[in-house]
Number of protein chains: 2
Amino acid sequence: MRMHGEIEGAQAEIRRRNLSRMLRELHVSRPLSRSELAARLHVDRSTVASLVSELVGRGIVLERPRSRLVPQSPGRPSPVVELRQSGPGALALDIATDWLGAAVVGLGGKIIASARRDLSLSNASPEKVVADLAGIVRPLLAGIENAPRLVGIGVSVPGLVRAEDGRVHAAPALGWRDVAIGELIKEEFADLGASVCIGNDADLAASAEYLRGAGRGTGNFICIWGEVGLGAGIVVDGRLLSGAAGYAGEIGHMTIEPGGDLCHCGARGCLESVVGEEALLRRSGRDPLGGTAAIEDLVSAADRGDEVALSALVESGRGLGIGIAGLVNIFNPDRVALGGLYGRVYRYVRAPILLELEARAMPAPRAMVDLVTGRLGGNALLLGAAELALGPTLDDPAIAPLLQEQAPAGAVHHP
Amino acid sequence: MRMHGEIEGAQAEIRRRNLSRMLRELHVSRPLSRSELAARLHVDRSTVASLVSELVGRGIVLERPRSRLVPQSPGRPSPVVELRQSGPGALALDIATDWLGAAVVGLGGKIIASARRDLSLSNASPEKVVADLAGIVRPLLAGIENAPRLVGIGVSVPGLVRAEDGRVHAAPALGWRDVAIGELIKEEFADLGASVCIGNDADLAASAEYLRGAGRGTGNFICIWGEVGLGAGIVVDGRLLSGAAGYAGEIGHMTIEPGGDLCHCGARGCLESVVGEEALLRRSGRDPLGGTAAIEDLVSAADRGDEVALSALVESGRGLGIGIAGLVNIFNPDRVALGGLYGRVYRYVRAPILLELEARAMPAPRAMVDLVTGRLGGNALLLGAAELALGPTLDDPAIAPLLQEQAPAGAVHHP
DNA sequence: CTAGATTTGCAGGAGCAGGCACCAAACGCC
DNA sequence: GGCGTTTGGTGCCTGCTCCTGCAAATCTAG
């Protein structure tokens with residue numbers, strides 16, 4: 001007997017793809033007129049009409065007459081299609097070493113509400129973390145008007161996340177090993193009826209920066225991300241590099257100095273052990289475990305022109321530059337962005353990184369690569385987590401249920 | 001006015017994709033019955049019939065009754081669809097430092113004829129190389145019966161190849177800078193009427209090994225390739241990593257020892273300068289520029305148990321292991337294969353590489369990665385080059401012209 | 001050797017998505 | 001206010017794949 005329903009017709013596949021492309025276009029761009037959509041998707045106007053009406057019917061977008069304020073071109077005006085705030089949205093959670101964050105994010109990457117609580121989570125049990133998250137999320141959800149329908153919960157974790165099932169294989173910064181954090185969160189927020197997706201922090205930051213931050217307009221993009229650990233999210237031809245099991249991007253453990261200092265991972269001379277937060281703090285004479293506060297102190301010392309602070313930063317920048325040069329040779333990216341800790345000290349590490357790039361990256365890739373700082377700041381992780389949770393809806397908008405209600409006031413009616 | 005012909009209907013796109021999927025299945029697998037094709041492509045029997053008849057009509061495949069020799073299952077027998085030798089094929093050219101190679105390769109990766117000439121090409125002018133190639137190719141082509149229609153010429157070059165136009169940005173081993181080798185070859189072989197594609201040697205080796213060698217069955221695969229230089233072809237989720245301009249995979253210039261020896265690229269401690277052919281020969285007390293002959297001498301010395309040779313190999317293996325460990329952390333591949341020079345000395349470098357992997361790669365990716373030797377040997381480059389040239393036909397089999405002639409004897413007729 | 005079971009090829013029809021042509025509507029511009 | 005332009009809506013057409021019913025070709029059991 002043949003399985004069917006598995007593929008279910010290539011026509012349906014076209015339809016799904018076109019719906020997805022349209023929704024993604026609105027998601028990463030802005031409200032667009034039907035004509036603009038037709039031009040961008042390379043489909044006929046009648047097809048656009050059909051696709052838009054389906055998305056309207058599922059409560060994902062709405063149409064409104066084009067504003068009179070913007071200058072018009074001749075011809076019949078095209079109604080503008082825009083994302084509906086009460087449409088699909090995500091709950092984004094950010095578990096870091098020194099804080100917990102949460103946000104409700106709508107399609108289009110709009111942060112509708114967010115909250116953050118600073119606290120140290122090194123060696124906090126997963127159960128405690130989930131309980132603390134609930135304490136943040138519940139009031140957050142209660143305070144939202146015209147809330148989106150939550151279709152998913154995306155979670156950022158600073159550690160190795162197995163792609164297959166979202167288990168956290170290891171998160172040294174939290175002291176976790178093999179934790180099914182997704183299951184715990186799913187239980188805690190069972191009433192929301194949303195699926196849970198877990199992602200590595202650097203990957204999520206890269207995904208967000210790629211879509212709506214420093215990586216826009218590129219196809220090959222690397223986002224270096226470090227807080228306590230050091231990793232990278234790597235976008236190759238528009239897709240996030242995940243590797244065979246989801247563990248890709250662990251650039252913190254490239255060897256930079258074979259005989260260097262001992263790293264937590266047991267090896268010597270890992271990039272993380274040379275330029276990570278601990279190494280940076282140690283070099284500047286501060287408590288290596290001082291965390292965010294110590295880093296802020298270091299930065300303000302550097303701002304005052306403190307020699308020790310500056311040279312510690314330069315030293316770290318050179319190490320990082322060696323690592324980045326290797327990545328440039330390996331990936332030939334359009335752009336490399338520094339986020340997290342390295343985004344905050346960007347202005348001090350940029351010059352030494354460029355120096356090492358000049359010395360160590362091959363001329364051709366070096367000439368084309370662009371070194372920048374992340375543009376989303378602390379929101380990168382939350383936006384990336386939301387992206388993860390919204391993925392299924394973006395890939396197949398037809399999973400959103402049809403609405404019974406009529407389109408809300410303000411929509412265009414066709415008599 | 002709207003451009004059209006650009007997209008020309010999504011139906012046509014489905015058709016193209018299905019034809020391509022069918023041809024690729026035959027290309028990487030073996031002759032398959034219609035039923036097997038239906039199962040593998042997840043399409044209906046009637047669709048398979050339609051697709052097969054189109055491929056037959058274009059002279060790409062033929063159908064023959066299933067042999068009586070193989071054990072049959074009950075039910076009506078399904079004719080076997082197989083690639084036709086006189087169908088599309090490629091001319092593959094391999095420009096290396098110490099030899100020139102050429103082959104005519106049919107669909108399915110079948111080497112129909114090949115030739116090779118050993119000679120030193122360091123600092124040979126592109127014009128001379130092309131003339132020498134012609135001297136190899138012409139007799140080769142003359143001696144083939146039932147030759148394929150050559151749809152493309154694929155060329156392997158040991159250097160940086162710009163993806164956009166195939167120009168060789170730099171090939172240090174040949175002393176080339178910014179050479180439009182493709183144009184020269186296109187002129188020389190203009191009578192063949194085939195398009196010319198240029199590729200980096202490591203990329204092509206990886207592509208061939210991935211398709212029909214050591215990388216089969218994986219999705220994330222790295223093929224380390226070195227003769228004089230050192231590079232890697234990297235397959236991510238089934239696609240070759242090319243980078244923004246095509247320069248990806250230059251792992252030879254990852255920094256392994258920041259204060260190490262000077263590399264030709266001007267930096268210190270590049271992987272290539274630590275473990276490349278020259279370093280290996282120098283370490284063993286041989287002429288660093290001795291080339292293939294010196295390497296053969298080194299290997300036979302090692303085979304005899306020569307201490308110096310063995311320790312030079314082990315030392316290189318450790319350096320290579322450091323580099324591979326970094327790649328494993330970055331890519332989390334299923335498998336890493338050693339080809340070219342490192343394939344030939346595999347048995348001596350395997351142990352030290354594994355040692356460094358154990359020490360330096362993160363536990364989770366390390367546990368899943370597989371270190372193997374290339375399985376295609378010297379044919380990897382030619383097969384990869386052919387793959388490059390056959391790409392357009394595989395992607396859109398409908399570019400092959402319809403045949404006027406009737407299907408040849410042996411085909412199944414439907415009265 | 002024959003009958004049943006099984007698998008397959010083939011022909012015809014259905015369903016469905018997108019493209020196209022035509023007409024009407026809504027704007028800017030003169 | 002008329003004209004040119006752009007757009008939405010409608011109805012028809014094309015092309016692709018899937019489904020169904022039937023005939024053909026084989027294996028197996030008796």
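These figures come from a predicted structure and were not determined experimentally.
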Would you say the side chain of B:T47 and the base of D:dC16 hold a donor-acceptor pair, judged only by whether the two atoms sit under 3.5 Å apart? no
Please check: side-chain N/O of A:R162 versus main-chain N/O of A:G246, any donor-acceptor pairing under 3.5 Å? no
In whole angstroms, how far is the P atom of D:dC16 from the CZ atom of B:R21? 15 Å
Look at the side chain of B:L51 and decide which nucleotide, out of D:dT17, D:dA25, D:dG21, has an atom nearest to it. D:dT17
Out of D:dT17, C:dG18, C:dC22, which nucleotide sits closest to the side chain of A:R15? C:dG18
Taking only the side-chain nitrogens and oxygens of A:R17, find out if one of them lies under 4.0 Å from OP1 or OP2 of C:dG18. no
In whole angstroms, the gap separating P of D:dG8 from CD of A:E36 amounts to 11 Å
What's the angle between the local helix axes at either end of the helix from C:dC1-D:dG30 to C:dC30-D:dG1, using five pairs per end and rounding to 10 degrees? 10°
For the base of D:dC16, is there a side-chain donor-acceptor partner from B:S50 under 3.5 Å away? no
Examine the side chains of B:R15 and B:S50 and answer whether a donor and an acceptor come within less than 3.5 Å of each other. yes
Rounding to a whole Å, what distance do you find between B:R45:CZ and D:dC22:P? 14 Å
Between C:dT8, D:dG8, D:dC19, which one does the side chain of B:D44 approach most closely? D:dC19
Looking at the base of D:dC16, is there any donor atom on it, or on the side chain of B:Q11, that sits under 3.5 Å from an acceptor on the other one? no
Using atom types as modelled and distance alone, determine if a side-chain donor or acceptor of B:E209 lies under 3.5 Å from a backbone N or O of B:A214. yes
Closer than 3.5 angstrom, by distance alone: can the side chain of B:S86 be matched with the main-chain N or O of B:P148 as a donor-acceptor pair? no
In whole Å, what is the span from the CG atom of B:L41 to the P atom of D:dC16? 17 Å
Could you pull out the closest heavy-atom pair between A:R30 and A:R40, with the gap in Å? NH2-NH2, 3.6 Å
Is it true that a side-chain atom of A:R34 and a backbone atom of A:V48 form a donor plus acceptor pair closer than 3.5 Å? no
Any A:N18 side-chain nitrogen or oxygen under 4.0 Å from OP1 or OP2 of C:dA17: no
Would you say D:dT7 has OP1 or OP2 under 4.0 Å from some side-chain N or O of A:S35? yes
Mapping B:S46 and A:I14 onto DNA chain C by nearest heavy atom, which one lands closer to the 5' end? B:S46
With no hydrogens and no angle check, is any side-chain donor or acceptor of A:R84 less than 3.5 Å from a backbone partner on A:V56? no
With respect to the side chain of A:R34, which nucleotide from D:dG8, C:dC27, D:dT17 is positioned closest? D:dG8
A:R16 CZ to C:dG18 C1', in whole Å, measures 16 Å
Note: for A:R76 and A:A49 on DNA chain D, the residue whose nearest nucleotide lies more 5' is A:R76
